[in-house]
Amino acid sequence: MEKDNLIRVFPNAFSDEFCDALVKKFEDEKTSNKERYSNTGVNFTQLNFREAGWEKEQSDMVQTFVEHAKKYAKAVGITNEWPMKYALEDIRMKKYNPNDHDEFQAHVDVGDNRNCTRFLVFFVYLSDNEKGGTTFPKLNFKAKCKKGDMLMFPPMWTHVHAGEKPIDNPKYIVGSYLHYVGAEV
């Protein structure tokens with residue numbers, strides 16, 4: 001029996017219309033609300049919903065993320081192990097241009113004490129792209145870049161992943177994480 005890799009793709013988590021509206025709003029957004037990351041193997045433009053004042057879009061996405069967190073827990077067989085309290089990290093949207101250098105090479109999303117409370121990744125693809133999916137090289141798994149699909153997985157060392165370079169048009173994704181929240185004493 002093959003071991004469960006704890007990666008799940010939920011097709012059509014968001015409608016094409018919602019995805020298209022986010023892409024349009026991103027493109028119309030003033031440049032000062034966007035941050036460009038450009039390092040070796042990490043190249044993209046990012047916008048933080050909270051900092052840009054996208055409260056309505058954030059609210060719509062939070063509701064869907066919470067619903068899909070429950071679906072994820074059920075799909076992977078989590079029962080009593082699910083945290084009693086958790087919070088959602090700021091939602092961020094990324095754009096990768098099809099320019100042969102926009103990508104996010106293999107990495108993990110929990111690497112130090114600044115992000116060690118993360119326990120679940122949410123990636124939503126906002127555009128279709130022949131390439132531009134998310135690969136898990138050690139798990140021999142690839143999620144396709146399909147508009148509206150939500151990819152969920154653990155962010156730790158067990159799930160090294162990479163964002164492929166888009167080749168035919170820009171790739172847009174939205175991402176966030178569930179965090180453990182400390183218990184009150």
Side-chain angles (χ1 to χ4, degrees), residues 1-14 18-19 22 37 41-44 46-49 58 60-96 102-166 171-181:
M1 179 175 152
E2 189 175 322
K3 186 171 170 78
D4 187 344
N5 64 19
L6 303 178
I7 302 168
R8 295 294 185 274
V9 176
F10 294 93
N12 304 310
F14 290 93
F18 184 78
C19 294
L22 285 180
Y37 288 84
V42 179
N43 294 286
F44 56 84
Q46 179 172 271
L47 179 136
N48 182 310
F49 279 28
Q58 182 163 310
D60 291 344
M61 295 201 83
V62 166
Q63 180 180 351
T64 303
F65 284 162
V66 170
E67 291 170 7
H68 280 78
K70 292 174 187 173
K71 290 180 182 181
Y72 176 87
K74 184 176 181 180
V76 300
I78 297 172
T79 54
N80 297 332
E81 304 86 7
W82 194 258
M84 295 280 290
K85 291 183 175 188
Y86 54 87
L88 194 65
E89 186 171 304
D90 282 354
I91 297 172
R92 294 176 180 87
M93 186 169 169
K94 292 180 174 71
K95 176 184 180 182
Y96 297 83
D102 274 17
E103 67 179 327
F104 206 136
Q105 290 183 355
H107 65 285
V108 295
D109 295 331
V110 170
D112 58 34
N113 63 344
R114 292 176 297 143
N115 51 34
C116 67
T117 60
R118 292 173 171 173
F119 71 90
L120 187 63
V121 176
F122 297 92
F123 287 160
V124 179
Y125 300 103
L126 302 177
S127 57
D128 290 323
N129 212 296
E130 183 182 333
K131 292 277 185 175
T134 304
T135 61
F136 296 82
K138 294 182 178 182
L139 298 173
N140 196 28
F141 184 88
K142 177 182 173 182
K144 293 181 180 177
C145 185
K146 183 162 178 349
K147 186 191 300 186
D149 285 3
M150 184 183 301
L151 171 64
M152 298 171 69
F153 59 94
M156 283 77 73
W157 56 270
T158 55
H159 288 76
V160 175
H161 58 284
E164 290 183 320
K165 296 176 186 178
K171 172 175 92 171
Y172 298 87
I173 67 166
V174 169
S176 188
Y177 303 86
L178 283 185
H179 284 244
Y180 294 108
V181 176

Review item, side-chain donor-acceptor pairs of residues 132-140, under 3.5 Å, at least two apart:
residue : atom : partner : partner atom : Å
Thr134  : OG1  : Tyr125  : OH           : 2.6

Note: Val174 and Ile91 closest approach over all heavy atoms is CG1-CG2, 3.3 Å

**Prompt:** Using 30° and 60° as the class limits, which term best fits the ring planes of Phe104 and His107: parallel, tilted or perpendicular?
**Reply:** parallel

In terms of heavy-atom contacts, Ala162 and Ala106 come closest through CB-N, 3.6 Å

Is the closest side-chain heavy-atom distance between Lys146 and Val9 below 4.5 Å? no

CG of Asp109 to CE of Met156, rounded to nearest 0.5 Å, is 10.5 Å

Tell me whether Arg118 contacts the main-chain N or O of Pro155 through its side chain, where contact means a donor paired with an acceptor under 3.5 Å.
no

Open item on the list: Parallel, tilted or perpendicular, judged at 30° and 60°: which one describes the rings of Tyr72 and Trp82?
Closed with: tilted

Could you check if a side-chain atom of Arg8 sits within less than 4.5 angstrom of a side-chain atom of Lys71, using non-hydrogen atoms only?
no

key: Flag, side chain of Ser127 to backbone of Tyr172, donor-acceptor distance under 3.5 Å   = yes

Glu89 and Ser176 have their tightest heavy-atom pair at O-OG, 2.6 Å

Distance col, row Asn43:CG vs Tyr37:OH, nearest 0.5 angstrom, shows 12.5 Å

What verdict does the ring pair (Phe, Tyr, Trp, His ring centres under 6.0 Å) test give for Phe153 and His161, after you've listed the backbone C-alpha separation in whole Å, the side-chain angles of each residue and the deciding distance to 0.1 Å? CA-CA 10 Å; Phe153 59 94; His161 58 284; 4.8 Å; yes

**OP:** For residues Met61 and Phe49, determine if any side-chain heavy atom of one lies less than 4.5 Å from a side-chain heavy atom of the other.
**Re:** yes

Sequence neighbours excluded, the answer for side chain to side chain contact (heavy atoms under 4.5 Å, CB included) partners of Trp157 is none

dist Leu151:CG -> Phe141:CZ (nearest 0.5 Å) comes out at 7.0 Å

Within-4.5 Å side-chain heavy-atom neighbours: Met93 and Lys95:
no

Next item on the list: Mind telling me whether Phe14 and Phe18 have parallel, tilted or perpendicular rings, with 30° and 60° as the class edges?
Entry: parallel

Between Met150 and Thr64 the two heavy atoms that sit nearest each other are CE-CG2, 4.1 Å

Q. Taking side chain as C-beta onward, heavy atoms only, is Leu178 less than 4.5 Å from Phe65?
A. no

On a heavy-atom basis, the closest approach of Phe44 and Glu103 is CD2-O, 4.5 Å

Crowding at CD, Glu130 (>12 non-hydrogen neighbours, <6.0 Å): no

Here the gap from Lys131 atom NZ to Lys171 atom NZ, rounded to the nearest 0.5 Å, amounts to 12.0 Å

More than 12 heavy atoms of other residues, nucleotides or ligands under 6.0 Å from NZ of Lys144: is that the case?
no

Taken to the nearest 0.5 Å, the spacing of Leu88 CG from His179 NE2 works out to 8.0 Å

Rounded to the nearest 0.5 Å, the OH atom of Tyr177 sits from the CE atom of Met152 at a distance of 13.0 Å

